[in-house]
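For reference, the structure is listed below as structure tokens.
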Number of protein chains: 2
Amino acid sequence: MRVPDEPQQRRDGRSTDTRERIHDVALALFVQKGFSHTTLQDIADQLGLTRAALYYHHPSKEQLIASLIQPAKDDVDAFLETAGCNDASPREVIEGFFDLNYRHRLIFLALVRDPSGLGAIDSSGWVTTLASQAQELLAGDDPSPDQRIRAVVALNGLSRCATVLPDIPHDELRRRSIDLALEIIREPSSEPSDESSDSRS
Amino acid sequence: MRVPDEPQQRRDGRSTDTRERIHDVALALFVQKGFSHTTLQDIADQLGLTRAALYYHHPSKEQLIASLIQPAKDDVDAFLETAGCNDASPREVIEGFFDLNYRHRLIFLALVRDPSGLGAIDSSGWVTTLASQAQELLAGDDPSPDQRIRAVVALNGLSRCATVLPDIPHDELRRRSIDLALEIIREPSSEPSDESSDSRS
DNA sequence: GTCTATAGACCGATAGAC
DNA sequence: GTCTATCGGTCTATAGAC
């Protein structure tokens, strides 16, 4: 009888392998069809398993979704905290916003396609908070219609570029998107973009 | 026995009134909760009816959805045809794209929130076609990464402004959004915006 | 035109064998 | 760790009375 103390083993005895394969397949399906249109049957089929087997690794569909969302939420919370305390510059907000959207682009895509997934996490509204906070950091707390429009277009553009243009190399995509966003909100940085501000993800 | 030839009466004898009330309530719920999360029970409840009554006016949920989407699809098809034949100027593309998104902003919001509604219409993909065709009209058929990014940001910004900023008066929203989109794709119109190009919706 | 009642399908979740 | 079998709930859609 071989002792189960090889790699890919966790304290509770569940092999991490299947659990992560479930994560990968589930995330891909959630992006394609949304959370609620993806059944546990779909996930199990693509893995060659049955629904019941999934319940050995995750206590419910809701907690499976939550475990996929949690890292993104933690990252967003950390960003909002640091950007909120020290009032961040437009460039800092825009760079951080792009990096957040790029690093978690798959789960963000899934959440945009089907916001019902937010119900899986207790403190929902963190995505709305990110949007409104970033908007306020860029446009101020009493913005004119023009400032509001520019903030909406800039942030929404960053988000879309980070998620739907995967064939453009990351560094080029990041540089061009951020420069364009700064143009849009009229950041008076005459020099287009110094050599710094490299990738983070 | 009174003859049914009064107003709000159609050839098949069904009063248009209830049918349109169903349309209005259904569209509002579809925007709020998505197509698949909105049950016929939800719609019937808000109208003070039962599920079965809805089936008198619409043969199925799918056809109810289709009847809501059809006008938007027809409008999009017409726009793509006229813009495709005569190669339209960037301003024409941008104005037409904004007007489409504004005129049908409710159904577009619902479709973005829950694309499964597209399954209700035979030729799906018309929404993807609108996006890719508009992008090509703005950036050309072999665009550089910079041109692609600018087209994505400009069109996506137009769409978002038309749908999520309803508190800004239409004429101002239209003018500012279109001017900003033209800035983004570097339309060399030095004069910001002449007096023409008024509302269409 | 609207109702009650129910058929039929699908999904999440649990129980228990192996 | 994975399986079969099944329960309970929800939803679309139909049948038939009024």
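Chain naming here is simple, since letters A, B, ... match the order of the sequence lines and numbering starts at 1 in each. Note that this is a predicted model, so its numbers are computed, not measured.
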If I compare all heavy atoms of Ala154(A) with all of Ile185(A), which pair ends up nearest, and what's the gap?
CB-CG2, 3.8 Å
Gap between atoms CG and C1', on Leu64(B) and dA13(D) respectively (whole Å):
14 Å
Less than 4.0 angstrom between a side-chain N/O of Thr50(A) and OP1 or OP2 of dT2(D), yes or no?
no
Which nucleotide wins on minimum distance to the side chain of Ala52(B), given the candidates dA15(D), dA13(C), dA13(D)?
dA15(D)
Kindly check if the number of other-residue, nucleotide or ligand heavy atoms within 6.0 Å of CG (Asp142(B)) is above 12?
no
For DNA chain C, find the residues of residues 21-39 of chain B with a heavy-atom distance under 4.0 Å and give them by number; none if there aren't any.
none
Between Leu155(A) and Gln135(A), which heavy-atom pair has the shortest distance, and what is it?
CD1-N, 3.6 Å
When rounded to whole Å, the OH to C1' distance for the pair Tyr55(B) and dT12(D) reads 4 Å
With axes from five pairs an end, tell me the bend angle of the helix from dG1(C)-dC18(D) to dC18(C)-dG1(D), nearest 10°.
0°
Measure centre to centre between the rings of His57(B) and His23(B), then say whether the value is under 6.0 Å.
no
OP1 or OP2 of dG1(C) less than 4.0 angstrom from a side-chain nitrogen or oxygen of Tyr56(B), does that happen here?
yes
Does atom CZ of Arg176(A) have more than 12 heavy-atom neighbours from other groups under 6.0 Å away?
yes
Rounded to whole Å, please give me the gap between NE2 in His57(A) and C1' in dT2(D).
8 Å
Any non-hydrogen side-chain atom of Arg105(B) less than 4.5 Å from a side-chain atom of Val164(B)?
no
In terms of side-chain geometry, is the basic nitrogen of Glu183(B) or Arg150(A) positioned less than 4.0 Å from the acidic oxygen of its partner?
yes
Ring geometry between His170(B) and Phe98(B) (parallel below 30°, tilted from 30 to 60°, perpendicular above 60°)
tilted
